[in-house]
Amino acid sequence: MSKYWSAIVSGLTPYVPGEQPKLPNLIKLNTNENPYGPSPRVLQALAGELGDTLRLYPDPNADRLKQAIAAYHAESGITAGQVFVGNGSDEVLAHVFMALLKHEQPILFPDITYSFYPVYCGLYGVEHVTVPLDDSFEIRVDDYFRPNGGILFPNPNAPTGCLLTMKEIERLLLGSADSVVVIDEAYVDFGGESAIALVDRHPNLLVVQTLSKSRSLAGLRVGFAVGHVDLIEALERVKNSFNSYPLDRLAIAGAVAAYEDVEYFEKFRQAVIVSRDALTSDLQTLGFQVLPSAANFLFARHLRKDAGQLAADLRARSIIVRHFRLPRIDQFLRISVGTEEQCRTLVDALREILG
Ligand SMILES: *Cc1c(COP(=O)(O)O)cnc(C)c1O
């Protein structure tokens with residue numbers, strides 16, 4: 001606290017990201033990064049940008065990237081003009097709060113969800129009401145049919161990994177025509193179906209995705225949103241009142257290359273899905289209850305051992321998982337799916353810890 005701080009800053013409760021410890025030989029299963037590296041074509045594209053042109057500003061509209069994203073989702077009929085890009089989907093979401101979610105009524109999101117949402121509410125002065133997940137930790141669409149200033153949730157949800165069906169999403173969209181519905185699809189490539197397919201039929205739908213997880217580019221910071229041109233224009237207005245160049249030359253080139261290497265993407269997302277399913281049954285054998293996951297992480301609780309203690313015991317063996325000391329989920333661990341070898345090391349460690 002300092003007398004130089006603005007009143008807004010004094011009242012902020014910032015997001016606390018999963019730690020990035022600088023220890024060697026750590027098995028890092030705490031922030032849902034992809035255990036596999038990015039496509040070699042991405043690395044090649046990045047190398048190609050290292051040169052004299054770095055003295056020039058990048059394309060403020062990142063048109064090449066918007067076209068690559070629209071082309072990848074061509075079946076949905078979207079055009080580059082329906083794509084908004086930003087410095088990670090966190091930045092895209094921040095602009096969404098300012099551009100589309102700040103209204104008279106409070107916005108709605110689940111009680112158990114991405115913990116950045118309430119932080120943006122604090123930063124932008126957006127009122128919110130949390131809607132409890134049901135006893136199986138699923139989103140119940142009917143609970144969102146009430147006056148609101150917008151609806152927001154990840155699908156699959158985080159940190160549960162649970163997926164809401166397209167049919168339920170469409171029911172929510174039809175019953176919420178006066179509100180923007182924002183679906184944060186950070187993990188959709190690991191087992192969900194993208195709601196981008198619904199964008200053309202629903203002017204109130206905005207879908208947000210990131211290249212951080214399924215495309216192994218958390219370090220490059222690229223995210224995007226797809227929706228009706230009117231929603232995209234609102235985001236562009238905020239972006240161009242904030243930072244005209246959110247994506248640098250490397251980010252644009254790397255992201256375009258990631259979309260061009262479809263084969264690499266398919267191969268490694270499949271590898272993660274196979275490891276996730278194997279890890280699920282291994283954890284169940286060890287006495288864990290594991291929520292059904294469509295993501296690259298598992299949300300699991302052990303029926304006898306305290307979650308905080310388990311996380312500490314794993315840490316002592318250089319394995320880091322995420323434990324949230326929050327109501328309803330303080331006995332769960334969120335475990336990112338690692339390589340086959342990392343998963344094996346994790347299961348061996350747990351077997352030892354649990355005796
Ligand atoms: C990881 C994550 C993001 C942020 O992704 P970036 O593009 O790296 O900023 C957004 N939403 C959810 C639910 C996430 O898990």
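Both backbone and side-chain heavy atoms feed into the values below; hydrogens, waters and symmetry mates do not. Counting starts at 1 for both ligands and their atoms, following the listed order. In this text, all values refer to a predicted model and were calculated from it rather than measured experimentally.
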Heavy-atom pair with the smallest gap, counting every atom of Glu138 and Cys162: OE1-CB, 4.1 Å

Lys213 near ligand 1 by a heavy-atom separation under 4.0 Å: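 Within the 4.0 Å threshold, so yes.
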
Min heavy-atom dist Gly223 to ligand 1 below 4.0 Å: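 No, that is not the case, since the closest heavy atom of the residue is not under 4.0 Å from the ligand.
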
Can you name the atoms of ligand 1, numbered from 1 with element, that are less than 4.0 Å from a heavy atom of [X]?
{"X": "Gly88", "answer": "7 (O), 9 (O)"}
{"X": "Ala186", "answer": "2 (C), 11 (N), 12 (C), 14 (C)"}
{"X": "Thr210", "answer": "5 (O), 6 (P), 7 (O), 8 (O)"}
{"X": "Ser212", "answer": "6 (P), 7 (O), 8 (O)"}

Write out the residue and atom name of the closest protein heavy atom to [atom], then the distance separating them to 0.1 Å.
{"atom": "atom 9 (O) of ligand 1", "result": "Arg221 NH2, 2.8 Å"}
{"atom": "atom 15 (O) of ligand 1", "result": "Tyr187 OH, 2.5 Å"}
{"atom": "atom 5 (O) of ligand 1", "result": "Ser89 OG, 3.0 Å"}

Under-4.0 Å salt bridge between Arg171 and Asp142: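 The answer is yes: the pair qualifies as a salt bridge.
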
Cationic N near anionic O, under 4.0 Å, Lys28 to Glu33: yes

Closest candidate by heavy atom, reference atom 11 (N) of ligand 1, pool Thr113, Val208, Asp184: Asp184

Parallel, tilted or perpendicular: ring planes of Phe109 versus His128, cut at 30 and 60 degrees: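 Rings of Phe109 and His128: parallel, under 30°.
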
Cation over ring face, Arg269 and Tyr264, 6.0 Å, 45°: no

Within 45° cone of Tyr72 ring axis and under 6.0 Å: Arg215 NZ or CZ: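 Positive - Arg215 is close enough to the ring of Tyr72 and near enough to its axis.
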
Sequence-distant partners of Phe145, ring-ring contact (aromatic ring centres under 6.0 Å, His included), two or more places apart: none

